[in-house]
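Quick note: numbers below take in every heavy atom, side chains included, and nothing from hydrogens, waters or symmetry partners. Starting from 1, each residue takes its place in the sequence as its number.
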Amino acid sequence: MLKDKVALVTGAGRGVGRDIALMMAANGASIIVNDLGSDGGGEGSDDAPARDVVREIEAAGGRAEVNFGSVADYDQARAMVDQATGSFGRLDIVVNNAGILRDSIFHKMTERDFDLVIGVHLKGSFNVSRCAADLFRAQQSGCFIHMTSTSGLIGNLGQANYMAAKLGIVGLSKSIALDMARYNVRSNCISPFAWSRMIGSIPEDSPEQAARVEKMRQMTPDKIAVMATALAADAARDVTGQIFAVRNNEIFLMGQSRPLRGMQRSEGWSAQSVLDHAFPALRPNFYPLDRTADIFGWDPV
């Protein structure tokens, strides 16, 4: 499916990124396996996870190279793209998967926690995508796959930094899809439900929470890799600007913001008429303070 293609997968040492790298390699792609090797909060470094993925790909007969750069650094993102073209002669697929978590209730969140999460998720996705964009434009082809989250699309507690970054990635992806469609470049988002290191710290301090965690463990990263590999295939050349959620064996096309209902006054509005007329008329269409679990209220299938 991906024969003769080259993919750069960030955060590919563990979890979802690892399975995407392995599956794309199994389908014929050469892979730049990028992973800084930090812990879930972005601290430290470890080259072993990325090296292990490269060894696994090579043992199966594929081609891969390791990269330890930080997506939050523009120059290091540029080096990833240069490594792909220098080692494999081209670059066809960018998977922006690298991420960290620094959860905190909003009124206790530090500026550093906010900046670090935005820097890896949103700025990192921009850095790698922008560094690949000129190459994709010149070759008149390319595929971007970005990881968003229902935390940003719907909402979750204690994740203001993560929610802001993940919803920002949706806007980034749509902008890339619009701006680069003329060059046959595609850009889509995946919102993954998968058991990984980033959610593996969820406490199991009650029978109900333990049952929830056990259900989450069924949502293995390879289910996400299937969608990423399909999006990267030439047969998906007409799929761009979309948001897909993958939850175990379920695939969802997620909505994008569109008007729900409109109000108009020929004489214009005053603050009082907004309070008296607009808000009461629009209130039935207001969104409640939903969290992801409120919307996905059934067990994974």
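Counting heavy atoms of neighbouring residues, nucleotides and ligands inside a 6.0 Å radius, atom CD of E111 does not exceed 12 of them. Residue-environment remark: CZ (F252) exceeds the threshold of 12 foreign heavy atoms within 6.0 Å. The number of heavy-atom neighbours closer than 6.0 Å to CE of M1, taken from other residues, nucleotides and ligands shown, is 12 or below.
Under the salt bridge (charged side-chain N to carboxylate O under 4.0 Å, His left out) criterion, E58 pairs with no residue at all, not counting sequence neighbours. For R186, there are no salt bridge (charged side-chain N to carboxylate O under 4.0 Å, His left out) partners at least two apart in sequence or on another chain. D92 meets the salt bridge (charged side-chain N to carboxylate O under 4.0 Å, His left out) test with R90; sequence neighbours excluded.
No continuous path of ILVMFWY side-chain contacts below 4.5 Å connects I100 to I118, so the two sit in separate hydrophobic clusters.
Looking at every heavy atom in both residues, L122 comes nearest to I169 through CD1-N, 3.7 Å. Across every non-hydrogen atom of N156 and S151, the tightest pair is ND2-OG, 2.7 Å.
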Walk me through whether L8 and V128 qualify under side-chain contact (heavy atoms from CB on, under 4.5 Å).
CA-CA 9 Å; L8 164 58; V128 181; 3.6 Å; yes
Set out, in order, the CA-CA distance, both residues' side-chain angles and the distance that settles side-chain contact (heavy atoms from CB on, under 4.5 Å) for N127 and K123, then state yes or no.
CA-CA 6 Å; N127 287 344; K123 181 61 159 57; 2.8 Å; yes
Yes or no on side chain to side chain donor-acceptor pair (under 3.5 Å) for S173 and S187, after CA distance, side-chain angles and deciding distance?
CA-CA 6 Å; S173 177; S187 181; 2.9 Å; yes
Could you walk me through whether D234 and K5 pass the salt bridge (Lys or Arg N to Asp or Glu O under 4.0 Å) check?
CA-CA 10 Å; D234 287 342; K5 294 189 180 296; 3.0 Å; yes
Candidate pair V53 and L22, rule side-chain contact (heavy atoms from CB on, under 4.5 Å), full reasoning:
CA-CA 7 Å; V53 175; L22 292 173; 4.3 Å; yes
For a side-chain contact (heavy atoms from CB on, under 4.5 Å) check, start with the C-alpha distance between W269 and H277, then their side-chain angles and the critical distance, and finish with the verdict.
CA-CA 10 Å; W269 294 91; H277 183 196; 3.8 Å; yes
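Counted by atom type alone, Q76 and S70 present zero donor-acceptor pairs between their side chains at under 3.5 Å. T110 and D113 share a donor-acceptor pair across their side chains, judged by distance under 3.5 Å alone. Counted by atom type alone, E250 and W298 present one or more donor-acceptor pairs between their side chains at under 3.5 Å.
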Using atom types as modelled, flag every donor-acceptor pair under 3.5 Å from a side chain in residues 224-231 to any protein atom, sequence neighbours excluded.
residue: T229; atom: OG1; partner: A225; partner atom: O; Å: 2.8

Which atom pairs, one a donor and one an acceptor, fall under 3.5 Å between side chains of residues 279-291 and the rest of the protein, sequence neighbours left out?
none

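Residues in residues 132-159 take part in these salt bridge (charged side-chain N to carboxylate O under 4.0 Å, His left out) pairs, two or more places apart or across chains: R130-D134.
The aromatic rings of F144 and F136 are tilted relative to each other, their planes meeting at an angle between 30° and 60°.
Between M163 atom CE and H121 atom NE2 the span is 13.5 Å, to the nearest 0.5 Å.
Looking at H146, K174, Q242 one by one, the single match for side-chain contact (heavy atoms from CB on, under 4.5 Å) with N188 turns out to be Q242.
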